[in-house]
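Take a look at the structure below.
Counting convention: from 1, in listed order, for ligands and their atoms alike.
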Amino acid sequence: MITPVLPTYARADLEFERGEGPYLFTTDGTRYLDFGAGIAVNALGYSHPDLIAALTEQAHKVWHLSNIYRIPGQEKLAKQLIDATFADTVFFTNSGAEALECAIKMARKYHYAGGNPERTDLITFEGAFHGRTLATIAAGGNAKYLEGFGPAMPGFVQVPFGDVKAIKAAIGPKTAGVLIEPLQGEGGIRVLPNEALREIRKLCDEAGILLILDEVQTGFGRTGKLFAHELAGVTPDIMPVAKALGGGFPVGACLATEAAARGMVAGTHGSTYGGNPLAMAVAGAAVGLMTKPAFLEHVRSMGVKLSQKLAQLADEHPTIIDSVRGQALMLGIKTKVPNTELVEALRAEHMLTVGASDNVVRLLPPLIIDETHLDEAMTKLGNACKALEAKAAKGAVA
Ligand SMILES: *Cc1c(COP(=O)(O)O)cnc(C)c1O
């Protein structure tokens, strides 16, 4: 018999009741160290007092307003995001996929408004993840996510990950832009070299096409910069963001330059809940905290320390760990055993992580962790590796 909740997830049998900082507590009171953070969402940890205050204060005023009126929270948050980035304008959504949908529509409309309606195609990378709507599964190109859902939406051309030459070769009269993650998350913490991103920016400029950087997972400090593209010293034309933006409250945004947004006039796009006052209040508080230079400095310093400790762990457990990669607090452990085995062994140690493609275990801790949490994580990682080694030894004997 089908479960009351549509069974589209293979869920771990864990029921969490509350959270505090980087910890989650199950209904029976067991404490878990959360290095998954709701998949890079709870960047400020659980129950942050500033976010609770922002949410409850707004809850007493008004929850929902139609976008047929001005929404002060939107204007305030848009200004915060514009001041902190390349962008001139922002569209608010409820999720990452919707932010991508806005970005894809905007890229097509940009060329339509410029008299080139035939420029509809976006070049994407293999291994990409952009969401689960019909357009974003077509953009991601993952056969598993497309299977059975009818004809894939046209307008996406995939090239091998990081292959700048292939992008150059793929650019043609139908190309609207390039859509990539500066660092692939679901794809297995695959880092695009800074030089490659700079070359892609140049190719886009030369061809008069748009660069869309999906920073839904990399955004808001996770890579040690407010946005990952800052590491390469380039800026996109359009940037969908979400995940950490609301610190756990569902909200996304599509940021753009004035030029890229030229086609998006009144009536071209909309969302009932997008830019909802509750979301704006929480995201406003979250962005205020995440844009502080000291916050980003803290992320970089924790990132360096965690990377060093993980390199040592890899040396100590060469039959379990293949390599460690990533940026700051967006790290991946490529395992020699199935990655699910390490995720499970860590769960037995009461530490939460997330799997990714390419047999990688993702470490995406809340960005507010301190050294005590790093030490706790390393103890649990060490124990999990030892448990897997013991399991392998037993298997060898048997
Ligand atoms: C999570 C994610 C998305 C989709 O966000 P949803 O809120 O799940 O729709 C898109 N792009 C990237 C890079 C992501 O990590």
Listed by chain and number, what are the ring-ring contact (aromatic ring centres under 6.0 Å, His included) partners of His317, not counting sequence neighbours? none
Should the ring pair Tyr23 and Phe25 be called parallel, tilted or perpendicular, given that the plane angle runs from 0 to 90° and is split at 30 and 60? tilted
Going by heavy-atom distance to atom 11 (N) of ligand 1, choose the closest among Asp214, Leu183, Ile39, Val41. Asp214
Could you say whether the N/O atoms of Glu98 and ligand 1 ever approach to under 3.5 Å? no
Say whether Gln74 and Asn67, considering side chains only, have a donor N or O and an acceptor N or O under 3.5 Å apart. yes
Applying salt bridge (Lys or Arg N to Asp or Glu O under 4.0 Å) as the test, list every pair that has at least one member in residues 210-229; sequence neighbours left out. none
For residues Thr335 and Asn359, is any side-chain donor paired with an opposing acceptor at under 3.5 Å? yes
Can an N or O of Phe129 be found at a distance shorter than 3.5 Å from an N or O of ligand 1? yes
Between the side chains of Glu186 and Gln217, is a donor N or O closer than 3.5 angstrom to an acceptor N or O? yes
Atoms of ligand 1 close to His130 [distance to a heavy atom under 4.0 angstrom, numbered from 1]: 10 (C), 11 (N)
May I ask you to check if ligand 1 and Gly96 share an N or O to N or O distance below 3.5 Å? yes
Give the numbers and elements of all ligand 1 atoms closer than 4.0 Å to a heavy atom of Gly131. 4 (C), 10 (C)
Which one holds for Glu181 and ligand 1: side chain close, backbone close, both close, or neither close, with close meaning a heavy atom under 4.0 Å? side chain
With no hydrogens and no angle check, do the side chains of Asp34 and Tyr46 hold a donor and an acceptor under 3.5 Å apart? yes
Is it the case that ligand 1 has an N or O less than 3.5 angstrom from some N or O of Leu100? no
Polar contact flag, side-chain donor to acceptor under 3.5 angstrom, His269-Lys105: yes
Counting only heavy atoms closer than 4.0 Å, does ligand 1 sit against the backbone of Ala97, its side chain, both, or neither? both
Answer side chain, backbone, both or neither: which part of Lys243 comes under 4.0 Å from ligand 1, heavy atoms only. side chain
Got a protein heavy atom sitting under 4.0 Å from atom 6 (P) of ligand 1? yes
